[in-house]
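Reading through the structure tokens given below for one structure.
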Amino acid sequence: MIKVGLTGFGDHDELYGRIKPADRLPAYSAHFSIVEIDSSFYAVQPVRNYAKWVSQTPEDFGFIIKAYQGMTGHLRGKKNYFDTAEEMFQAFHTSIEPVTCAGKLIMTLFQFPPWFDCTKENVDILRETRERMRDVPCALEFRNSTWYSPEYRDRTLAFMKKEGWIHTVVDEPQAGIGSIPIVSVATSPELTYVRMHGRNAKGWHQSSHPEWRKLRYLYRYSTEELTEWQDRLKELEKDSKNVYVVFNNNSAGDATPNAKELQALLGGDDSGLSPLQLDLFDHSS
């Protein structure tokens, strides 16, 4: 099964017209049966928000919830409102309980920052993070290409499979070490996540620009590019029962038409490294 949706449900004006923000999720769910919640990245959401969103959506609707930035090392000196990692992860667990209890949680998404490179220390962080998430399905997205370098690609994927991480396959600009290639491989027989970020290489590294987020995701996929993804997704489906695709190219209203077009296309819905380096993914003592 392949399902298509968008990141967030509030910003897609092309879907809503004059519909008030409070009524947008029910309108969204008439078009798509999945959504990625990204507000959870900026702050652990109140339980009441999830309870409301669960009540506003059909029984077969599903949520993909992005992990809070403190859980993925994005804060980098900014204030963390939790005193300990245990408190932070427990707050996140409590936050998403309404979605879990309603059977509407597809997975959580852990997107790590560009400076999170392939090192033994970071492998240990991934292992610890997965343990803290207990039995919650967790997808993993990198923003550093060292994880998929020739010497580590297979080890990265094997590690994810062993530790219970769902692979996030991404389409994004090829713009140096802070972006990753398309690695169309499933690590879970049940779930695979695909995120479509666009291919705006010029805008990808504009972090100093006051509107860098808009520049980064300013892109419209062509029919030819979406047809290539149609084929990839069908191949992924052979190895993973459920493949979920979201479009994140929201800057100019391109995500919705691209998602709709993909829905239509789908018919509706040795290395020379030292032993220390080679042992990167081994369990630490």
Side-chain angles (χ1 to χ4, degrees), residues 1-5 7 32-37 59-67 71-72 92-93 96 99-112 118 122-143 147-150 152-172 180-197 226 228-248 259 262-263 265-269 280-283:
M1 177 180 62
I2 303 171
K3 289 190 174 185
V4 182
T7 58
F32 302 105
S33 61
I34 63 169
V35 70
E36 179 186 299
I37 299 296
E59 283 189 15
D60 62 349
F61 192 86
F63 293 87
I64 297 156
I65 300 175
K66 198 169 183 179
M71 299 159 70
T72 52
F92 187 79
H93 278 289
I96 67 175
V99 189
T100 305
C101 292
K104 291 186 176 184
L105 179 66
I106 297 172
M107 67 185 90
T108 55
L109 168 65
F110 282 75
Q111 181 196 78
F112 284 85
C118 187
N122 287 339
V123 168
D124 289 342
I125 288 172
L126 291 177
R127 186 176 288 112
E128 181 180 313
T129 298
R130 190 65 193 88
E131 290 174 354
R132 291 186 189 278
M133 290 305 295
R134 305 195 284 269
D135 60 349
V136 175
C138 296
L140 176 57
E141 178 180 355
F142 294 113
R143 282 284 173 89
W147 295 94
Y148 298 104
S149 62
Y152 287 146
R153 179 186 184 277
D154 290 346
R155 288 178 176 83
T156 294
L157 296 168
F159 169 81
M160 291 173 69
K161 187 173 183 178
K162 178 183 177 184
E163 297 295 324
W165 285 104
I166 299 158
H167 190 211
T168 303
V169 182
V170 299
D171 186 300
E172 65 190 29
I180 63 174
I182 296 171
V183 181
S184 193
V185 177
T187 58
S188 163
E190 298 296 326
L191 299 166
T192 297
Y193 196 28
V194 178
R195 301 184 84 222
M196 307 291 285
H197 296 302
L226 293 177
E228 292 172 3
W229 268 104
Q230 173 193 12
D231 296 337
R232 285 194 191 99
L233 294 170
K234 289 183 176 179
E235 286 299 310
L236 278 170
E237 193 181 15
K238 294 177 182 178
D239 297 321
S240 195
K241 292 178 184 177
N242 301 286
V243 181
Y244 298 94
V245 188
V246 298
F247 283 81
N248 194 34
L262 182 59
Q263 280 182 327
L265 288 170
L266 291 166
D269 216 36
L280 199 65
F281 295 99
D282 290 346
H283 199 294

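It should be emphasised that the depicted structure is a prediction, and the values quoted were computed from it without experimental measurement.
Judged by distance alone, with hydrogens and angles left aside, the side-chain atoms of T168 form a donor-acceptor pair with the main-chain N or O of L140 at under 3.5 Å. In this structure a side-chain-to-backbone donor-acceptor pair under 3.5 Å is present from T187 to W165.
Under 3.5 Å, the side chains of Y244 and E36 contain no donor-acceptor pair of N or O atoms.
One finds no salt bridge joining R130 and E128 here, because no Lys/Arg side-chain nitrogen approaches an Asp/Glu carboxylate oxygen to under 4.0 Å. Salt bridge E235/K238: present, at least one basic N to carboxylate O contact under 4.0 Å. At a threshold of 4.0 Å, the pair R127-D124 counts as salt-bridged, since one of the basic side-chain nitrogens sits closer than that to a carboxylate oxygen.
Here the straight-line distance linking atom CZ of F63 with atom NZ of K104 works out to 6.0 Å at 0.5 Å rounding. Here the CZ-CD1 distance, from F110 to I166, works out to 11.0 Å after rounding to the nearest 0.5 Å. Note that the SG atom of C118 and the CH2 atom of W147 stand 4.5 Å from one another [nearest 0.5 Å]. Taken to the nearest 0.5 Å, the OG atom of S33 stands 7.5 Å off from the CD atom of Q263. L191 contributes atom CG, which lies 10.0 Å from atom NZ of K241 (distance to the nearest 0.5 angstrom). Distance CG/D171 to CG/N248: 11.5 Å, rounded to 0.5 Å.
Residues E141 and V170 come closest through the heavy atom pair OE2-CG1, 3.4 Å. Between F142 and I180, the shortest heavy-atom distance links the atoms O-CD1, 3.5 Å. Contact detail for L226 and L262: the closest heavy-atom pair is O-CD1, 3.9 Å. Nearest approach of V245 to I34, heavy atoms of both residues: O-CD1, 3.7 Å. For the pair H167 and V183, the tightest heavy-atom approach, listed with the atom from each and the gap, is CE1-O, 3.1 Å. The shortest heavy-atom contact between M133 and H93 is O-CE1, 3.5 Å.
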- List the steps, then state whether salt bridge (charged side-chain N to carboxylate O under 4.0 Å, His left out) holds for R195 with E172. CA-CA 9 Å; R195 301 184 84 222; E172 65 190 29; over 6 Å; no
- Start with the C-alpha distance between V246 and Y193, add both sets of side-chain angles, then the distance that settles side chain to side chain contact (heavy atoms under 4.5 Å, CB included), and finish with yes or no. CA-CA 8 Å; V246 298; Y193 196 28; 3.1 Å; yes
- Show your reasoning for whether side chain to side chain contact (heavy atoms under 4.5 Å, CB included) applies to F61 and V35. CA-CA 8 Å; F61 192 86; V35 70; 3.6 Å; yes
- Before giving the answer on side chain to side chain contact (heavy atoms under 4.5 Å, CB included), spell out for L109 and I65 the whole-Å C-alpha distance, their side-chain angles and the decisive distance to 0.1 Å. CA-CA 6 Å; L109 168 65; I65 300 175; over 6 Å; no
- Message: side chain to side chain contact (heavy atoms under 4.5 Å, CB included) for F247 and T7? Distances and angles first, verdict last.
- Response: CA-CA 6 Å; F247 283 81; T7 58; over 6 Å; no
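In this structure, I64 and T108 have side chains that are not in contact, with every pair of non-hydrogen atoms separated by 4.5 Å or more. Side-chain contact between L236 and S184: present, with at least one pair of heavy atoms (C-beta onward) separated by less than 4.5 Å. Using a 4.5 Å cut-off on side-chain heavy atoms (C-beta onward), F159 and L126 make contact.
When I2, V185, T192 are each tested for a side-chain contact (heavy atoms from CB on, under 4.5 Å) with S240, only one passes: T192.
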